[in-house]
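Notes to accompany the following structure.
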Amino acid sequence: MDQSWTIYFAGRSLFYVEADKYRPCFDIVNILDTIKSLNIGVSIVTHDLNLKNYLKENLKDVQVYGRKELRHSFKDKTISNTKSVFIGPSDDDLFISASYKLLYINPGWSHEHGPKAEQYGIKIRRVEQLISMLKILVNQHKWFYKLKISEKSELISLMSANSYVVGKKEKDVLDHFQEVLKRRGIVYKDALTFHLLSGMMQYEELYDIDYWGAMPSSGMEPSDILVEFKDRCRYLTGKKTKAPILIRYRKIIKSHSLSKDERLKLGAGRLLDSVKINPYYEGKLKDKTICIIDDYVTNGATTEMARNLLEKTGVKKIIFISLGRFLSNYGVTYQKEDYQIDGNIYGENHKYSRKEIDSSYGTNAIKEDEAKNEVKEIYDILNGTGDE
């Protein structure tokens with residue numbers, strides 16, 4: 001059985017402190033029992049000795065840690081930091097989370113919030129919303145799609161993006177996720193965030209990433225939502241470098257403006273003369289592990305553009321993540337292309353020529369249809385259960 005999740009509540013995420021008196025923020029016993037019913041372990045963290053004694057007397061089945069004690073326990077591996085969440089409003093709560101690679105949540109119901117906690121935390125405003133997001137965390141177990149592209153590169157996709165041949169629950173979730181990714185929609189944004197972070201926290205290789213990047217959009221400006229997701233993953237793995245890895249320096253025609261045959265014929269070549277590697281990384285990527293996050297993959301042209309550029313730097317490994325994966329029931333599902341690239345890949349004048357092309361490479365992929373059921377269950381978590 002997989003290790004269950006663990007939630008660490010800072011004392012100030014559970015109690016308001018007023019004139020040295022403790023007032024619960026909500027029905028603590030009921031909420032903690034609900035969380036434990038999800039097979040999630042619950043612990044409380046506080047440096048307030050009076051609160052610590054109060055908690056030990058009144059919540060006898062909950063582990064209570066001092067802050068220094070918790071740090072030492074993580075450091076000497078007395079307790080595991082795997083699949084762990086820290087909920088607290090202070091900057092110190094954020095620092096603990098960053099130091100030990102815990103998913104950090106800033107509780108909106110608390111009265112006081114540190115400035116860095118406000119800036120970097122995932123803010124959950126109501127405890128009822130917290131319960132829903134925790135259900136989404138424990139609901140995710142499978143990545144929908146995995147493809148080893150080369151000795152150095154692989155593509156993993158969180159979920160299927162095909163919404164036209166699915167039931168109404170899965171379609172509702174996929175359509176709302178597309179609103180978030182393509183049109184800055186707000187509804188289901190937190191759900192998508194937690195679905196992604198849960199998948200990331202259960203994919204061990206992603207903790208070994210040296211540099212995180214977001215795939216450039218077709219315009220000159222990066223996608224705000226992809227940058228946000230990239231930064232969430234970066235915080236979670238304790239990486240500080242935020243400079244973009246790939247920079248688009250020339251606008252391109254959007255993919256949907258071209259026919260499928262045109263896109264396949266042009267392949268990654270129509271993208272290679274519009275993107276460069278950020279000069280900041282010159283000499284920094286050799287023997288490093290890189291992750292690039294994209295919203296959707298269809299035929300793989302964008303992934304192949306980035307792969308060919310990045311492999312030329314001498315990276316150790318590249319993991320491409322897409323939130324959604326469009327798959328055709330016939331024809332090309334992934335077109336692998338190898339290019340000869342000459343010139344400065346950190347500038348705007350590199351030259352390229354296609355050496356090899358394999359339009360049937362997608363047949364090597366592994367698919368997990370169980371991931372589709374997890375998407376349907378997100379609908380039930382957010383909207384209540386019901387028949388298709």
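Note that the coordinates shown come from a computational prediction; the quantities given were computed from them, not determined experimentally.
Judged purely by distance below 3.5 Å, without hydrogens or angles, the side chains of D172 and Y188 pair a donor atom with an acceptor atom. Using a 3.5 Å distance cut-off with no hydrogens or angles, the side chains of Y339 and E337 do pair a donor with an acceptor. The closest side-chain donor-acceptor pair between T78 and D76 falls under 3.5 angstrom. Of the N and O atoms on the side chains of Y352 and N308, not one donor lies less than 3.5 Å from an acceptor on the other residue. Under the 3.5 Å distance criterion, with hydrogens and angles disregarded, a donor-acceptor pair is assigned to the side chains of S322 and S157.
A salt bridge is defined here as a Lys NZ or Arg NE, NH1 or NH2 lying under 4.0 Å from an Asp or Glu carboxylate O, and R307 with D338 meets this definition. We find that R354 and E304 are not joined by a salt bridge, their nearest charged nitrogen and carboxylate oxygen being 4.0 Å or further apart. Contact check on R67 versus D93 returns a salt bridge, with a Lys/Arg side-chain nitrogen under 4.0 Å from an Asp/Glu carboxylate oxygen. One finds no salt bridge joining K242 and D231 here, because no Lys/Arg side-chain nitrogen approaches an Asp/Glu carboxylate oxygen to under 4.0 Å. The residues R125 and D190 are annotated as not salt-bridged, no charged nitrogen and carboxylate oxygen being separated by less than 4.0 angstrom. Taking a cutoff of 4.0 Å between a charged side-chain nitrogen and a carboxylate oxygen, E262 and K265 do not qualify as a salt bridge. Here E118 pairs with K123 in a salt bridge; the nearest charged N to carboxylate O distance falls below 4.0 Å.
Formation of a donor-acceptor pair under 3.5 Å by the R250 side chain with backbone atoms of D273 is found in this model. Using modelled atom types, one side-chain atom of R325 and one backbone atom of T298 make a donor-acceptor pair closer than 3.5 Å.
Aromatic ring centroids of Y100 and Y8 lie 6.0 Å or more apart. The aromatic ring centres of Y281 and Y211 sit less than 6.0 Å apart. Aromatic ring centres of F326 and Y296 lie closer together than 6.0 Å.
Heavy atoms only, all atoms of each residue included: T237 and K101 are closest at O-CE, 3.4 Å. The two atoms that bring D61 and K36 nearest to each other are OD2-NZ, 2.8 Å, heavy atoms only. For the residue pair Q335 and S359, the shortest heavy atom distance occurs at OE1-OG, 3.0 Å. The two atoms that bring V42 and V62 nearest to each other are O-CG1, 3.7 Å, heavy atoms only.
One distance of note links CG of L174 with CG of L192; it measures 10.5 Å at 0.5 Å rounding. Remark: L147 CG to T363 OG1 distance equals 9.0 Å, nearest 0.5 Å.
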**Item:** side chain to side chain donor-acceptor pair (under 3.5 Å) between Q202 and S198, intermediate numbers included
**Value:** CA-CA 6 Å; Q202 298 178 76; S198 178; 3.0 Å; yes

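A cation-pi contact, defined as under 6.0 Å to the ring centre and within 45° of the axis, is absent between K169 and Y379.
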